[in-house]
Protein chains: 2
Amino acid sequence: MGRKSLKEARKKEIIKVFYSLAKKNGLENTSIAKIAAKMEINPSLIIHYFQTREDLVYGLVDYILDKYKLIYKVSATHSKDSRKALLEIIGNIFSKKWNALFDDGLFYGCYAMTFHDAKVRDLYKKLLDSLRQMLIGHIEQCREDGVLDVDDVETVADNIFVLIDGAYFYLSLVTDKEEYEQRLAKYRQQALSILHLKELSEVAG
Amino acid sequence: MGRKSLKEARKKEIIKVFYSLAKKNGLENTSIAKIAAKMEINPSLIIHYFQTREDLVYGLVDYILDKYKLIYKVSATHSKDSRKALLEIIGNIFSKKWNALFDDGLFYGCYAMTFHDAKVRDLYKKLLDSLRQMLIGHIEQCREDGVLDVDDVETVADNIFVLIDGAYFYLSLVTDKEEYEQRLAKYRQQALSILHLKELSEVAG
DNA sequence: TGATAAATTGAATGAATGTTCAATTAATTT
DNA sequence: AAATTAATTGAACATTCATTCAATTTATCA
């Protein structure tokens, strides 16, 4: 008996507000008090759900990495066609959709924490490694289906990831919209060339 | 008359302590009070030299980016030989020297600030662009000297930078020393292959 | 030696921080 | 309606923060 627990839903609400405030003002400028003020609740309620600020931050990292994972999601329509699936992933990664879905500033902000927080480092490492495995799987599948001609799958996947990380590191500093899009297209092109894949209009849109 | 000004030297001392503390504990955990305590001086003295914490952070960013620049420095002995100069730069970038000279955690920590601080963003952008120009110059020189066969110098330089940034992004999460070194060697190899250069024992050591 | 200017201290400020605990409100079950 | 459990509040806490200002120490020059 007693009242129904809202714990998980409430925690998510809090983290979402944390995310939006940190996105706007930066991680270090977003305090528990400010989150509470924005939600018009008492700061102690946030502590009630997350015992410490540390735990709250871990929650945010989880949230961010979950979003990040979505970039690599394959839509149901392409799940049977390994070539289309791979093209969709590459397309998602090097598209403007990314920016709508995801905030690079927070991603790098939390990434910076990995250098001093073992837990955050583990979360990042595990996610990045799992994404690597996922991409390896896709490429492997393509090779088995005979639509891809690569010799060393792991190296190819690594090259793709280096390209992604390196591309966005500099891109995040490019404010000129046109230059940004040109570079993005170029990097996508390069990813496809690493895979020995040609972009098709049907998928590349 | 009056006392001789120690301003610049003192500012540098303060920033060095700031750097070492932030390297150990993270940027957000390093306050003016802690820097002062470490130096056994009064916090107000730090404010006396840097009017605000903001300015102190800008000083740190300058300091970090100056260090970063050193990676691209060419030693006097190679300054006349464009091929050796380029090989030295590539060697420096993908070497363990980097880690001794430079703290990646702080570099990324300050990088994360670029998303909310226009001044920091400009400092980073200007530095990265100048390094790009520098590398372009080296490659250009190599081509003129006939020791390099590349068609689009700018693209090649961009590829190198993408490789660097992408490589270190993931490398920073690799704790296993052996894997770290293997990857590093692989990425250096890849840089040389982008340049159509073969590693020589004399330089690569 | 005395004037001058910079270095440095020391005390104090108010604001913001994360966190505590007890008290209260609200929903759900018997 | 009474009991139970969770949600939420509100007040208080000690700490830390960046920053202020006046006072003092220290070096340098005439």
In whole angstrom, give the distance that lies between atom [atom1] of [X] and atom [atom2] of [N].
X: A:Glu40; N: D:dA7; atom1: CD; atom2: C1'; value: 17 Å
X: A:Asp55; N: C:dG18; atom1: CG; atom2: P; value: 13 Å
X: A:Asn42; N: C:dA26; atom1: CG; atom2: P; value: 15 Å
X: A:Ile47; N: D:dA7; atom1: CD1; atom2: P; value: 16 Å
X: B:Ile41; N: D:dT26; atom1: CD1; atom2: C1'; value: 16 Å
X: B:Leu56; N: D:dT19; atom1: CG; atom2: C1'; value: 13 Å
X: B:Gln51; N: D:dT19; atom1: CD; atom2: C1'; value: 12 Å
X: A:Glu28; N: D:dA18; atom1: CD; atom2: P; value: 13 Å

With a cut-off of less than 4.0 Å, is there a side-chain N or O of [X] near OP1 or OP2 of [N]?
X: B:Thr52; N: D:dA18; answer: no
X: B:His48; N: C:dA7; answer: yes
X: B:Tyr49; N: C:dT8; answer: yes

Between [options], spot the one nearest the side chain of [X], thanks.
X: A:Lys7; options: D:dA7, C:dA6, C:dT19; value: D:dA7
X: B:Ser31; options: D:dT19, C:dG18, D:dC17; value: D:dC17
X: A:Arg10; options: D:dT8, C:dG18, D:dC17; value: D:dT8

Closest nucleotide of DNA chain D for A:Leu45 versus for B:Asn29: which of these residues is on the 5' side?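 Result: A:Leu45.
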With nearest nucleotides of DNA chain D determined for B:Lys4 and B:Glu54 from heavy-atom distances, which residue corresponds to the more 5′ nucleotide? B:Glu54
Between B:Phe115 and A:Phe107, ring centroids under 6.0 Å: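 No.
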Hey, does A:Ser44 reach any base, or is it just sugar-phosphate, or nothing, if we go heavy atoms under 4.0 Å? base
Any salt bridge between B:Glu13 and B:Arg10, counting N to O under 4.0 Å? yes
Flag the pair B:Asp129 and B:Lys125 as a salt bridge only when some basic side-chain nitrogen lies within less than 4.0 angstrom of an acidic carboxylate oxygen.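 Answer for the salt bridge query: yes.
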Is a donor-acceptor contact shorter than 3.5 angstrom present between the side chain of B:Arg3 and the base of D:dT26? yes
Does the plane of the ring in A:Phe161 sit parallel, tilted or perpendicular to the ring in A:Tyr72? Use 30° and 60° as the thresholds. parallel
Over 60° means perpendicular and under 30° means parallel, so tell me whether B:Phe94 and B:Tyr187 are parallel, tilted or perpendicular. tilted
